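Only one structure is covered here, and it is reproduced in the block below.
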Amino acid sequence: MLVSEKTKAEVEDEGPSRRARSYQIRVEAAEAERKVPRPRQIDNGDERRYDNFIGNYSQGLPHNSIGEVDPTAYQALLTAVHSGDFSDFASIPMGGNAKQAGPQGGLTFDLEGTDSAQLTIPPSPVLAGAERAGEMVEDYWMALARDVPFSQYGSEPITAAAIVDLNNLTVFKGPKANGQVTASTLFRGLRPGDLTGPYLSQFFLLPVTFGTLSIAQKFNAYTPDKDYLTDFTTWLAVQNGQGPFPANSLSGTTSYIRNGRDLGAWVHADITFQAYLFAAQWLLTHGAPLNPGNPYVTIKNQVGVQAFGSQHILDLLGDVSNHALKAMWYQKWFVHRALRPIAYGGLIHNTITRVANYPIHRDVLNSQALGQIFSRHGSYLLPAAYPEGNPLHPSYAEGHGVIAGACVTALKAFFNERFVIPNPVVASDDGQALLPYIGSDAGQITVGGELNKLANNVALGRDMAGVHWRSDAEQALLLGETVAISILRDQRSTFTEPFNGFTFTKFDGTPITV
């Protein structure tokens, strides 16, 4: 009994010093984050430029017969985002029964990482500009090409025409080869590895095991040639938030992801960090080497579990996802409030049909894409992949993209990004089989490159569905990366192992040690 009491006393005696150190770590992290400069939050000026608010998000608010928002309702939205008060948000008028998606989430404080208000992204492209027009032309072609297999890009009429049209734009910020959009750059990302190998990341195709559960990555496919919101009445009902909206029509078969419609279906129904959980599980179960900075690479008699091991990385994926979304929500609601591509399509339709005269750049009005859209659907609206069009929150930047940026950054910190993935595969054009990838660059398909590609597949998959702009995806990836780096930085002082930081490659191709 005396020994037991003595042991208890000894344990209690250790308590104050550990409590003090725990407190010190938290204070030091908070002080470091407080020193991060608060940037100027700059929007693109469209909200002040147009008194009918045509350049900004207004879905779910009441609109008139041609789709212009009720200015009183929009002013109520502005009152809420400027005050941040719950009562003001509760007073925003609704145009139907669809609810706005959690605008106050962007004001939530976090106890880890840099606060949302201390992060920023550049202004989104302006409504009347050539960059916005170029993004819309790409979105039109993505919609037209939804059923074209990735393997056929450039070798069939739709994507061949898209390549010509995109090369005629005044401004197009997608990837190019020797200054030109080509079949090998079409609808791809800008990051290291994005142009290597097949269009789709290996982490979307390779089988994964979760314990005794084996998963072939075949998913429920949406019905081919089935698009939505191509008539003005349905489009206007969605702008007003007049649900309920029907479910997507399913094809009745499961498929490996082989085209834009399949990818759009995946990013419609995925859980928050599903793609990166699958990637992490594949890496953990297939002997992918750890990042050389992981201390357990050299520790001979222990393995990492809660720190620097499987539990750490799996927990981190959820952690960085939620932090990143809060940062993104702050930008969406409290800074930019940018309109969605589907809303911009309404402006184009009204302009061409002479219902109204909006400042639409000539590049989109003169594009070959518009003629094909009208020929197929009888309107100039952007065909949506989903009956509800898009979720009820502003476009810029992108939720899927910011999660992708954060999670991929965490994975690059944990695994050796130079590891070459053996035996790469590609989906057959019917989506029913995986075939060996035999391209000349098969030996250059690395963990880092495929993680970058995975992030862009997810982010641009939302563009393929008509939900987002390329700039939404681009800036979201960079913001997510910044959030993840801040969390990794805060965590560094919590470890007791000898640790000199993780070194990995950022999205811009530069190395960083965190």
Side-chain angles (χ1 to χ4, degrees), residues 142 145-156 158-160 163 174-177 181-209 214-219 221 253-267 274-276 278-289 404 408 411-412 415-461 464 505:
M142 284 179 164
R146 280 181 188 138
D147 295 304
V148 176
F150 297 132
S151 67
Q152 299 300 313
Y153 278 9
S155 61
E156 55 73 53
I158 294 174
T159 52
I163 290 168
K176 299 178 180 179
V181 178
T182 68
S184 62
T185 69
L186 186 67
F187 305 155
R188 293 203 184 208
L190 296 163
R191 305 303 163 198
D194 280 340
L195 303 183
T196 302
Y199 181 90
L200 204 68
S201 172
Q202 295 299 295
F203 294 118
F204 261 134
L205 297 170
L206 295 169
V208 180
T209 58
S214 296
I215 299 175
Q217 295 200 60
K218 296 180 77 173
F219 305 97
T253 61
T254 60
S255 300
Y256 292 103
I257 297 173
R258 82 279 198 190
N259 59 31
R261 191 174 302 279
D262 290 349
L263 187 55
W266 192 96
V267 296
Q274 180 177 332
Y276 321 103
F278 276 46
Q281 193 67 8
W282 189 92
L283 292 165
L284 289 168
T285 57
H286 284 78
V408 160
L411 289 167
K412 287 191 287 188
F415 294 98
N416 188 330
E417 60 188 322
R418 296 183 179 180
F419 178 67
V420 175
I421 296 177
N423 306 314
V425 296
V426 63
S428 61
D429 286 354
D430 65 2
Q432 296 307 301
L434 294 179
L435 307 174
Y437 175 70
I438 56 175
S440 60
D441 55 1
Q444 303 169 37
I445 296 176
T446 64
V447 167
E450 291 303 286
L451 287 174
N452 285 346
K453 189 187 294 180
L454 179 65
N456 272 292
N457 286 160
V458 171
L460 293 175
M464 290 179 173
T505 307

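All figures in this text were calculated on a predicted structure; none of them were measured in a lab.
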Problem set entry | Gap between atom CG of L460 and atom CG of L190 - 0.5 Å precision | 8.5 Å

Exercise. Is it true that D147 and R261 have a side-chain N and a carboxylate O under 4.0 angstrom from each other?
Worked result: yes

For this session: Check whether the side chains of N452 and D194 place a donor and an acceptor atom closer than 3.5 Å, and report yes or no.
Result: no

Exercise. Can you check whether K412 reaches L451 side chain to side chain, under 4.5 Å on heavy atoms?
Worked result: yes

For this session: Would you please classify the geometry between the W282 ring and the H286 ring as parallel, tilted or perpendicular, with 30° and 60° separating the classes?
Result: parallel

Problem set entry | Candidate pair Q217 and F219, rule side-chain contact (heavy atoms from CB on, under 4.5 Å), full reasoning | CA-CA 6 Å; Q217 295 200 60; F219 305 97; 3.8 Å; yes

For this session: Can you measure from CZ (R258) to CG (L263) and round to the nearest 0.5 angstrom?
Result: 12.0 Å

Exercise. How many angstroms lie between CZ in R146 and CD1 in I158, if you round to the nearest 0.5 Å?
Worked result: 11.5 Å

For this session: For L195 and R188, run side-chain contact (heavy atoms from CB on, under 4.5 Å): C-alpha distance rounded to whole Å, both residues' side-chain angles, the deciding distance at 0.1 Å, then the answer.
Result: CA-CA 7 Å; L195 303 183; R188 293 203 184 208; 3.7 Å; yes

Exercise. Side chains of I421 and L206: does their closest heavy-atom pair fall under 4.5 Å?
Worked result: yes

For this session: Using a 4.5 Å cut-off on heavy atoms from C-beta on, say whether the side chain of Y199 contacts that of L186.
Result: no

For this session: Provide the closest heavy-atom pair for G154 versus A160 in the form atom of the first, atom of the second, distance.
Result: O-CB, 4.1 Å

Exercise. Just by distance, do the side chain of R191 and the backbone of N456 share a donor-acceptor pair under 3.5 Å?
Worked result: no

Exercise. Is the closest side-chain donor-acceptor distance between T505 and E417 under 3.5 Å?
Worked result: yes

Exercise. Is there a donor-acceptor pair under 3.5 Å between the side chain of E156 and the backbone N or O of T159?
Worked result: yes

Exercise. Do F203 and F278 come close enough that some side-chain heavy atom pair is under 4.5 Å?
Worked result: no

For this session: Answer yes or no: is there a side-chain heavy-atom contact under 4.5 Å between I445 and E450?
Result: yes

Exercise. How long is the gap from NZ on K453 to OG1 on T196, to the nearest 0.5 Å?
Worked result: 6.5 Å

Only pairs under 3.5 Å count here: list side-chain donor-acceptor contacts from residues 433-444, not counting sequence neighbours, and write none if there are none.
| residue | atom | partner | partner atom | Å |
| --- | --- | --- | --- | --- |
| Y437 | OH | D441 | OD1 | 2.6 |
| D441 | OD2 | G197 | N | 2.8 |

Problem set entry | From CZ (F187) to CE (M464), nearest 0.5 Å | 6.5 Å

Problem set entry | Sub-4.5 Å side-chain heavy-atom contact between L454 and F204 | yes

For this session: Check side chain to side chain donor-acceptor pair (under 3.5 Å) between Q202 and all other residues, then give those that pass, not counting sequence neighbours.
Result: none

Exercise. So, do V447 and R418 sit near enough that their side-chain heavy atoms are less than 4.5 Å apart?
Worked result: no

Exercise. What are the two closest heavy atoms between I163 and T182, and how far apart are they?
Worked result: CD1-C, 3.8 Å

Exercise. What are the two closest non-hydrogen atoms of P198 and V426, and how far apart are they?
Worked result: CB-CG2, 4.1 Å

Exercise. Heavy atoms, side chains only, cut-off 4.5 Å: are Q432 and Y256 in contact?
Worked result: no

For this session: Take S151 and D429 through the test side-chain hydrogen bond (donor to acceptor under 3.5 Å, both in side chains) and record every step on the way to the result.
Result: CA-CA 7 Å; S151 67; D429 286 354; 2.4 Å; yes

For this session: May I ask you to decide if P175's main-chain N or O and T185's side chain share a donor-acceptor pair within less than 3.5 Å?
Result: yes

Problem set entry | From CG (L283) to CG (L411), nearest 0.5 Å | 7.0 Å

